[in-house]
Engineer: 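Dropping a structure here in structure tokens format, bear with me for questions.
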Protein chains: 2
Amino acid sequence: MHQPASTIDHVFHALGDATRRAIVVQLGRGPASVSELATPLPISLAAVVQHVQVLEASGLVATRKQGRVRTCSLIPNTLLEAERWLAQRRALWEGRLERLEALMQVRTSIDHAATTAPVDAATEEEPA
Amino acid sequence: MHQPASTIDHVFHALGDATRRAIVVQLGRGPASVSELATPLPISLAAVVQHVQVLEASGLVATRKQGRVRTCSLIPNTLLEAERWLAQRRALWEGRLERLEALMQVRTSIDHAATTAPVDAATEEEPA
DNA sequence: ACAAAAGTCAAGTCGTTACTTAACTGTTGG
DNA sequence: CCAACAGTTAAGTAACGACTTGACTTTTGT
């Protein structure tokens, strides 16, 4: 699994780098030129340009060039997509938990009633 | 910026790999052993073990070993932390947008009233 | 017109990381 | 007891990714 695939792949790969996240943080405060982004960073301008390219390819930032200055800004919707990806995994897992806890409730309240009874909901092998 | 720093750094770095995300997806459906995680993947068991170690170090998954089988499960709270990081960037940005739009409203409704008036809110240099 | 500013592009270096194979440790069913 | 199972560890390889330097282009202020 060494090749990039979906958009979400690009997004998370882009966010996987600390410098790029620093750039995202900065852009959260508002649009900025490449040089402005570079100023607080301990790397060369050229390196920042490369990071911006990665961020742009991932759909996390948009850039527009006017004259000699390229202005970068966040695309919040892509942030949202990443959020949703995470939220979905979490929701699935927490859904499972809830079902398990519900099952525990039933088990402990009925308890001795039916030890061999088919309490088979939500353990393994979901239908789809 | 080549060294890992905060927890969030570990988390996003872990999520930056497609194979690891596939594992997270799988674990979203419920706990699984290392072998179970490995089955659908086109890589060796040893490689999967390494990925699991990265995920565990990042705080995204917890593992427990019973007998010879190590069972892995998601830690939803870490997912939530990552979600919040993204949500915060987005909120900041969208807050800016709202303020800008509000400003536009004012500008276009008042319009010619005071071209030289100090409408200086939310443009540059936030206090803290 | 010219120099500085703001990027861009192309190589090339170097550390990191994903992966493999192979040898090894514990565990479990028969 | 022993064979298969589940995983672990170590060492090595190959590719990737972050970064640098240097040469070049375009724009802008004076």
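All chains are named by letter (A, B, ...) in the order of the sequence lines, taking the proteins before the strands, and each is independently numbered beginning at 1. Worth saying up front: this structure is predicted, and the values here are computed from it rather than measured.
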Engineer: Report the distance from atom CD of Gln53(B) to atom P of dA10(D), rounded to the nearest whole Å.
Structural biologist: 10 Å
Engineer: Side chain of Glu36(B), backbone of Ser33(B): donor and acceptor closer than 3.5 Å?
Structural biologist: yes
Engineer: Do Val52(B) and Thr63(B) have side chains that approach each other closer than 4.5 Å (heavy atoms only, starting at C-beta)?
Structural biologist: yes
Engineer: How would you list all residue pairs meeting ring pair (Phe, Tyr, Trp, His ring centres under 6.0 Å) that involve residues 59-86 of chain B, not counting sequence neighbours?
Structural biologist: Phe12(B)-Trp85(B)
Engineer: Pair Leu41(B), Ile23(B) - check side-chain contact (heavy atoms from CB on, under 4.5 Å), show working.
Structural biologist: CA-CA 9 Å; Leu41(B) 298 173; Ile23(B) 291 177; 4.1 Å; yes
Engineer: Using atom CD1 of Ile23(A) as one end and atom C1' of dC19(D) as the other, report the distance to the nearest whole Å.
Structural biologist: 13 Å
Engineer: Quickly work out the Arg20(A) CZ to dC16(D) P distance and round it to whole Å.
Structural biologist: 15 Å
Engineer: Is Glu81(A) close to Val11(A) at the side-chain level, that is, under 4.5 Å between some pair of heavy atoms?
Structural biologist: no
Engineer: Report yes if some heavy atom in the side chain of Leu86(B) is under 4.5 Å from a heavy atom in the side chain of Leu15(A); otherwise report no.
Structural biologist: yes
Engineer: Does a side-chain N or O of Thr19(B) approach OP1 or OP2 of dC19(C) to a distance below 4.0 Å, or not?
Structural biologist: yes
Engineer: Within a strict 4.5 Å, meaning less than it, do heavy atoms of the Leu55(B) and Val24(B) side chains meet?
Structural biologist: yes
Engineer: Return the polar atom pairs (N/O with N/O) between nucleotides 20-24 of chain D and the protein under 3.5 Å, or none.
Structural biologist:
residue: dT20(D); atom: OP2; partner: Ser44(A); partner atom: N; Å: 2.7
residue: dT20(D); atom: OP2; partner: Ser44(A); partner atom: OG; Å: 3.0
residue: dT20(D); atom: O4; partner: Gln50(A); partner atom: NE2; Å: 3.1

Engineer: Starting at atom CD of Glu56(B), determine the distance to atom C1' of dT8(D), rounded to an integer number of angstrom.
Structural biologist: 13 Å
Engineer: Rounding to an integer number of Å, can you tell me how far Leu37(A) CG sits from dT8(C) P?
Structural biologist: 12 Å
Engineer: Distance check: side-chain N/O of His51(B) vs OP1/OP2 of dC19(C), anything under 4.0 Å?
Structural biologist: yes
Engineer: In the structure I gave you, are the side-chain heavy atoms of Val61(B) and Ser73(B) within less than 4.5 Å of one another anywhere?
Structural biologist: no
Engineer: Report the distance from atom CG of Leu41(A) to atom P of dA18(D), rounded to the nearest whole Å.
Structural biologist: 14 Å
Engineer: Just by distance, no angles: are the side chains of Arg64(A) and Thr71(A) close enough, under 3.5 Å, to form a donor-acceptor pair?
Structural biologist: no
Engineer: How close or far is atom P of dT16(C) from atom CG of Asp17(A), stated in whole angstroms?
Structural biologist: 14 Å
Engineer: If you check every side-chain atom of His13(A), which of dG17(D), dC9(C), dC19(D) has the closest atom?
Structural biologist: dG17(D)
Engineer: Below 4.0 angstrom, which residues in residues 58-71 of chain B have at least one non-hydrogen atom near DNA chain C?
Structural biologist: Gly67(B), Arg68(B)
